[in-house]
2 protein chains.
Amino acid sequence: MTVSRALRRPDMVSAKLHDRIQAAVRELAYVPDVAASRLASNRTHTIGVIVSSLTNGVFADYINALHDNLLPAGYQVLILSTRYSAEEEEKAIGTLLGQHPEAIIIVGVDQSPHARHLLERSGVPVVQTFQLTDDPIDINVGLDQREAAYAATKALLDLGHRKIGVIASKLDARARARLEGYGRAMHEAGLYDEKWLATTPQQTAVIAGGQLLGEMIERGDRPEAVFCCDDLLALGVLFECQRRGIAVPEEMSIIGFNNLEFAACAYPALATVVTPRYEMGRLAAEIVRKIIESGELPSDNRIDVGFSLELRGSVRRPQ
Amino acid sequence: MTVSRALRRPDMVSAKLHDRIQAAVRELAYVPDVAASRLASNRTHTIGVIVSSLTNGVFADYINALHDNLLPAGYQVLILSTRYSAEEEEKAIGTLLGQHPEAIIIVGVDQSPHARHLLERSGVPVVQTFQLTDDPIDINVGLDQREAAYAATKALLDLGHRKIGVIASKLDARARARLEGYGRAMHEAGLYDEKWLATTPQQTAVIAGGQLLGEMIERGDRPEAVFCCDDLLALGVLFECQRRGIAVPEEMSIIGFNNLEFAACAYPALATVVTPRYEMGRLAAEIVRKIIESGELPSDNRIDVGFSLELRGSVRRPQ
DNA sequence: CGGCGATATGACAGCGCTGTCAATTGGTCC
DNA sequence: GGACCAATTGACAGCGCTGTCATATCGCCG
C-alpha cells in the first residue's frame, strides 16, 4: 500500500521513503499494471470515443479537440471506428464497455436498438455528437444537419439557380440527413425532381463526386448547380467540371459541406457549410469532465452548436 | 466459470446452456471486464499502434489494414497518435506499455533515445513501419523514403526539367528523408540550389503547398517542376498554379508523394509516388500474429515493401 | 520525560475474471 | 439395472492493485 501511495500521491509519503521506493522502481523497471489498478480502484481514467471513420478528415478537428481537452486532464482517449457500419458500431461499443470507460463520446444519434440498449444499460454517461436529436441517451451536442443542408440549397436557389443537383454518399447518416434538407428546400420551391439526385451506397470519396456528376449529366439534363453532401464529393465535382470543360462558377455552382481544410484554398475556392467540429469536440470533452467530477448529468442535455454558410468562388455572384 | 467458457469457447458447452447464457447476456447488457480478464489470464489481446497523426490520410489505409487483419483474429487495436511530437510519442509509449499490449506497431524508425529504451526494455515485440532502418528494435517493415524521393526527382530530371523545386513540411520524419532524396538527385545532376527549397516547420496541409510555391516564385525564379513531399502539398501547388494562371503540366510539372485518394482524380491527375500502405499494415499485422503465436521473432527482421512511380497528367510528356 | 495529536506506514480484503481440478450428468453396453 | 466413460458443469483460489482502518512513529508541549 505504501508503494502504491508513494507512486500516486508522493506528498503523502516521507521524502526518505519516497526516494527508496523510486530507486527500487528504477532498479526493477517496475510499471504499474493498469488492469489491476482498474480492478481495485474502479477508475479507468479512460474516455471512449466512437467515430464513423478514422480516415475522413471530418473527424480530424473533432478528435484533436478531444485530445486537447482530455489528455491534459489525465484521461486516456480510446478511439474506435465503426467504419460506417451498424454492426461494427455494436462491436465497438461492446469492446469499449469492456474497458469500462468513464464516459463515451459517440458520433451520431442513430445507433441501432441493440447499440442503444448497451449504452443505456451501461451506466456510463454518453455524449452523442454531430447531429441533433429530441431523444438523446444522455447528452447531445450537435447541429441540425437537415437545416444546414436546407440553408445551403436555399442559398443556391437565392442565387437564381433552378436546376440544382445533389450528390451524396448514402453510407453516412449525416449525409442522409442532408439529403432530406435538400429535398425539403427543393420541394418548397416546387423544383424537386429525382433526376437531380445522384447517390452512391459506397463510402464518400473524391472520385465518387466526379462519377456521380458524370452519371447525372449523362442521364440527360445538366444541372446549373450542385449541392454536395460533403467537401470530398465537392472536390470531385470541381475536378470533373474542369475535366469536362464546364466553367465553375459561370456554368456550374458548387457548394460542399463541412469546410474541410482544402475547401478554402481550392481554385475556385469551394463554397461550403461550415460546421464547428473542433468546438463540438471541445464542448463534448468539457461536458464529460464536468459529469465525471460532479457525478451527475447537467440539466441542459442538448446543445446546438449551429453552422454557417461560406459562399466562396465556386458559386456564382448574385444576379 | 461456465459462463466464462460459454462466451469464449461456445463449443465446450451444451447448445441449450449456451442459448440460455446468450439470452441473459443480452438481457443484462453484460460485457466482460477486460481488466479482470487480463489480470486472471495474463493475456490482453491488445495490439498497440502508434501513428504520427490520426488526421492525415496517409495513415488511413494502413490503419484499415491493421483493423482488417487484427480485429477478426480477436485482437483489440489500441491506436495512439503522437501528432508528430517526440514528447507525445514518449508519453504514448508509456501509456501503451501500461496496458501490456502483446505487440506494438509504430510508425517511423527515429524514436527518441528514451522512447527506444522504453520499447527495448519492455519485452514487447515492436514492429517499426513506413521507413527502413539498418538497426530495427525488433522488426522493420517499410520502404526507403529517400530512394523513393530520389526516383521521383530523377523522373522529373529525365523529363528534361532543370529548375526543379521541392516543397516539404519539416515536421514529418518521412518528409525530411524525402527532402534528402531530392537533394541527392539534384546534387548528382549538378542542379542543386537552395533557391529551389521551400519548407515549413508546420504540419502539412493543402494550403501550405500553395503558400510555399508562392514564396518560391516571389523569391525570384520560377521552377518548371516541383517535387512535393506529400500529395496534400501537391494539391495545394496545383490550385496555386491554377490561381496564378500557370498551366499544368505545360508550364509546371507537379509530382506528389503517397498516392492519396484524390491524386488520381484531380485534374490534371497528380503524378505521385505510390507507397503500399495497406500492404505495409497487412504485413505488420501478419508478423505480429506470427510472433504472438510462436513466441519468437522471425529471422527476417527487415522487409522492404518498395514503391512505384505513377506519372500522371500533372507532369509533362517526355520531349 | 510522559502524553497527546498529527503524520506516516502497514495489514487485509476484495475488485471480476480464468485455470485447475473435482463433481455431476448423460449415454452406452452388457 | 448397474458399470463405465465421455461430456458438461461447477467450486475455489489467486492475478496485482487500492480503500479502509488499524498501528507505528514523530514532533511538540507542559
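Keep in mind it's a predicted model, so treat the numbers as computed, not measured.
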d(A:Ser53 OG, A:Arg83 CZ) to nearest 0.5 Å is 9.5 Å
What closest approach, in Å, do B:Val109 and B:Leu132 show between heavy atoms, and which atom pair accounts for it?
CG2-O, 4.1 Å
Distance (rounded to the nearest 0.5 Å) between B:Asp61 CG and B:Leu66 CG:
11.0 Å
Passing option when B:Leu54 is tested against A:Val51, A:Asn64, A:Ile79 for side chain to side chain contact (heavy atoms under 4.5 Å, CB included)
A:Ile79
Protein-to-nucleotide contact annotation, 5' to 3' order, nucleotides 16-25 of chain D [B base; S sugar-phosphate only; - none; under 4.0 Å, heavy atom]:
BBSBB-----
Indicate whether the side chain of B:Arg116 and that of B:Ser112 have a donor and an acceptor atom separated by less than 3.5 Å.
no
Return the value, rounded to whole Å, for the distance between atom CG of B:Leu7 and atom P of D:dT9.
13 Å
When the rotation axes relating C1' atoms of four end pairs to the next four are compared across the helix from C:dC1-D:dG30 to C:dC30-D:dG1, five pairs an end, they differ to 10° by 40°
Is it true that A:Phe257 and A:Phe307 have ring centroids separated by less than 6.0 Å?
no
Does the plane of the ring in A:Tyr84 sit parallel, tilted or perpendicular to the ring in A:Phe59? Use 30° and 60° as the thresholds.
tilted
Salt bridge (Lys or Arg N to Asp or Glu O under 4.0 Å) partners for B:Arg43, two or more places apart
B:Glu102
